[in-house]
Enquirer: 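Provided herewith is a single structure, encoded as structure tokens, for subsequent inquiry.
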There are 2 protein chains.
Amino acid sequence: MNISVIHDCRQELRLVDLKVTPARIAVLKLLEETDQPLDVAAIIDSLEEQGIKADQATVFRIMNIFTDKGLTKQLQLNESKFRYEKTGDEHHHLVCERCGTIEDISDCNITDLENDIRLKKGFLVKRHSLEFFGVCQSCQP
Amino acid sequence: MNISVIHDCRQELRLVDLKVTPARIAVLKLLEETDQPLDVAAIIDSLEEQGIKADQATVFRIMNIFTDKGLTKQLQLNESKFRYEKTGDEHHHLVCERCGTIEDISDCNITDLENDIRLKKGFLVKRHSLEFFGVCQSCQP
DNA sequence: GTGTATGCAAATGTTTTGCACGTCC
DNA sequence: GGACGTGCAAAACATTTGCATACAC
């Protein structure tokens, strides 16, 4: 199973014309296996735990090129840093302001709204960000 | 008219238990008069043009306390910095990736969605961020 | 007069950049 | 072999903090 993930990663990189390197495979694999969006520091730490040492400049460069190529998405969750997650099913996030947990949520029908915007404002929406902040179930009284 | 804005600002500050200082009045007035969300550097520059000199530490502290008190909102528009705007009618933003213009948009019915989230996930939404990125009318072919 | 805001300088955290060296194809 | 990725160090920004002084109330 590990082997299949690695294989997919190599193919995924080639599909977007990126050279296959150990660092890129490791980052892509990590994001594949992680359910929370990670910031660069967390990515470096996780890789280090696996015995993989990667420079922060390298990881920033990897995240930028992955995001350019559409392999990952760059999120801002009201922190002064970016987080990254693998591109996949469209979803948004529920961020608990008490415990910090980030939960995914799907089925937000923004497409209708984007069409409205196109018609009313002439603005062509390429992408959007939608995040919810509040208190998760476990943190409520 | 100028006088009335200043007056409102003083009152607004007092209503949220903040001391009335020249720097706070100037920032609040500036955000009142500006239609685009501003970052701290832009705030400092605009004040400087008016002959008002304010330290960056001061402006950051002002923006933090204004946001805590609900006078302003802190936005992230996919830049590695915060922008601020006065709290008022709920609206979201259309950010043109070509010319950088930020346009406001209202009537995004997110409330229904927030209720759904409450019911389905037990997550209590306190606030959300919704921003659209794309190409504005003037920048289209 | 007292508590708090401000300015200044320095520290911290995130992201980018230049350059020499190493590695993928 | 040549283009491109990486590591290291330093720079560039954004934001915060400590402390002495100035100001609001």
Side-chain angles (χ1 to χ4, degrees), chain A residues 6-7 9-30 37-48 50-69 71-84 100, chain B residues 6-7 9-30 37-48 50-69 71-72 74-84:
Chain A
I6 291 172
H7 180 265
C9 289
R10 306 179 78 92
Q11 193 173 24
E12 231 176 320
L13 290 169
R14 282 194 209 98
L15 279 172
V16 294
D17 295 312
L18 288 180
K19 285 190 179 170
V20 177
T21 70
R24 289 176 178 174
I25 293 173
V27 171
L28 205 51
K29 190 166 153 293
L30 173 63
L38 301 178
D39 59 45
V40 168
I43 292 173
I44 292 172
D45 289 350
S46 296
L47 293 185
E48 185 128 43
Q50 301 173 37
I52 301 170
K53 180 168 64 69
D55 192 78
Q56 60 170 359
T58 302
V59 178
F60 274 107
R61 282 188 275 235
I62 288 175
M63 296 327 301
N64 284 337
I65 202 163
F66 279 7
T67 304
D68 282 351
K69 297 288 189 176
L71 294 181
T72 56
K73 281 188 180 166
Q74 201 179 41
L75 310 179
Q76 290 184 303
L77 302 182
N78 213 47
E79 306 160 304
S80 48
K81 65 185 173 189
F82 289 106
R83 285 176 183 262
Y84 300 89
Chain B
I6 290 173
H7 180 265
C9 289
R10 304 179 78 91
Q11 194 173 23
E12 230 176 318
L13 289 168
R14 282 195 210 97
L15 279 174
V16 295
D17 294 312
L18 287 181
K19 287 191 178 169
V20 177
T21 70
R24 288 176 179 173
I25 293 173
V27 171
L28 205 50
K29 188 165 155 295
L30 173 63
L38 301 178
D39 60 45
V40 168
I43 292 172
I44 292 172
D45 289 350
S46 296
L47 294 185
E48 185 127 43
Q50 301 173 36
I52 302 171
K53 179 168 66 70
D55 192 77
Q56 57 169 1
T58 302
V59 178
F60 274 107
R61 281 188 276 234
I62 288 175
M63 296 328 300
N64 284 338
I65 202 163
F66 279 8
T67 303
D68 282 351
K69 297 289 191 178
L71 294 181
T72 56
Q74 200 179 41
L75 311 178
Q76 291 185 305
L77 302 182
N78 213 45
E79 306 160 304
S80 47
K81 65 185 174 192
F82 289 105
R83 284 176 184 262
Y84 300 89

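Order of the sequence lines sets the chain letters (A, B, ...), proteins ahead of strands, with each chain counted from 1.
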Enquirer: State which of dT6(D), dT16(C), dA5(C) makes the closest approach to the side chain of A23(A).
Expert: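 Shortest atom-to-atom distance from the side chain points to dT6(D).
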Enquirer: Looking only at side-chain atoms of K19(B), point me to the closest of dC25(D), dC8(D), dT6(C).
Expert: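 Side chain of K19(B) sits closest to dC25(D).
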Enquirer: Could you state the CG-C1' distance from D45(A) to dT14(C), rounded to the nearest angstrom?
Expert: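 Roughly 14 Å, once rounded to whole Å.
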Enquirer: Distance check: side-chain N/O of T21(B) vs OP1/OP2 of dT6(C), anything under 4.0 Å?
Expert: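 For dT6(C), OP1/OP2 do have a side-chain N/O of T21(B) under 4.0 Å.
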Enquirer: Quick check for you: among dA24(D), dG7(D), dA14(D), whose closest atom lies nearest to any side-chain atom of P22(B)?
Expert: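 Selected nucleotide: dA24(D).
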Enquirer: Which whole-number value in Å describes the distance from F66(B) CZ to dT6(C) C1'?
Expert: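 Rounded to the whole Å, the gap is 14 Å.
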Enquirer: Out of dT16(C), dT16(D), dT15(D), which has the shortest distance to the side chain of F82(B)?
Expert: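 Among dT16(C), dT16(D), dT15(D), the one nearest the side chain of F82(B) is dT15(D).
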Enquirer: Picking from dT6(D), dT16(D), dG7(D), which would you name as closest to the side chain of R24(A)?
Expert: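 Nearest to the side-chain atoms of R24(A), counting from C-beta on, is dT6(D).
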Enquirer: A57(A) side chain: which of dG7(C), dA5(C), dA9(D) is closest?
Expert: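 In terms of side-chain proximity for A57(A), the closest of dG7(C), dA5(C), dA9(D) is dA9(D).
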Enquirer: Decide yes or no on side chain to side chain contact (heavy atoms under 4.5 Å, CB included) for F60(B) and D55(B), but give the supporting numbers first.
Expert: CA-CA 9 Å; F60(B) 274 107; D55(B) 192 77; over 6 Å; no
Enquirer: For T58(A) and F60(B), find the nucleotide of DNA chain D closest to each by heavy atoms; which residue's nucleotide sits nearer the 5' end?
Expert: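 Here T58(A) is the residue nearer the 5' end.
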Enquirer: Kindly say whether K19(A) contributes a backbone atom to a donor-acceptor pair with the side chain of R24(A) at under 3.5 angstrom?
Expert: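 Yes; at least one donor-acceptor contact below 3.5 Å.
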Enquirer: To the nearest angstrom, how far is D55(B) atom CG from dA22(D) atom P?
Expert: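 Distance, rounded to whole Å: 15 Å.
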Enquirer: Please state how far atom CG in D68(A) lies from atom C1' in dC4(D), giving the value in whole angstrom units.
Expert: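 In whole Å, dC4(D) C1' lies 16 Å from D68(A) CG.
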Enquirer: Can you measure K81(A) atom NZ to dT15(D) atom C1' for me and round it to whole angstrom units?
Expert: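 Roughly 14 Å, once rounded to whole Å.
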Enquirer: Hey, which of these two, V20(A) or Q56(B), hits DNA chain C nearer its 5' end, going by closest nucleotide?
Expert: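 Looking at the nearest nucleotide for each, Q56(B) comes out on the 5' side.
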Enquirer: Could you report the tightest heavy-atom contact between R83(A) and P37(A), atom names first, then the distance?
Expert: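 Where R83(A) meets P37(A) most closely, the heavy atoms are NH1-O, 2.8 Å.
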Enquirer: dC4(D) P sits how many Å from R14(A) CZ, rounded?
Expert: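 Taking atom P of dC4(D) as the reference, CZ of R14(A) is at 17 Å.
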Enquirer: Round to a whole Å and report the spacing from CG of L47(A) to P of dT6(D).
Expert: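 The distance from CG of L47(A) to P of dT6(D) comes to 12 Å, rounded to the nearest Å.
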Enquirer: Is it the case that the side chain of Q76(A) and the backbone of L75(B) share a donor-acceptor pair, with hydrogens and angles ignored and the cut-off at 3.5 Å?
Expert: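 No.
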Enquirer: Contact class for N64(A) (heavy atom, under 4.0 Å): base, sugar-phosphate, or nothing?
Expert: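 Sugar-phosphate contact only - N64(A) comes under 4.0 Å of backbone atoms but never of a base.
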Enquirer: Apply the test side chain to side chain contact (heavy atoms under 4.5 Å, CB included) to residues N64(A) and Q74(A): give CA-CA distance (whole Å), side-chain angles for both, the deciding distance (0.1 Å), then the verdict.
Expert: CA-CA 9 Å; N64(A) 284 337; Q74(A) 201 179 41; 4.2 Å; yes
Enquirer: Tell me: CD1 of I44(B) to P of dT6(C), nearest whole Å?
Expert: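 The answer, rounded to whole Å, is 13 Å.
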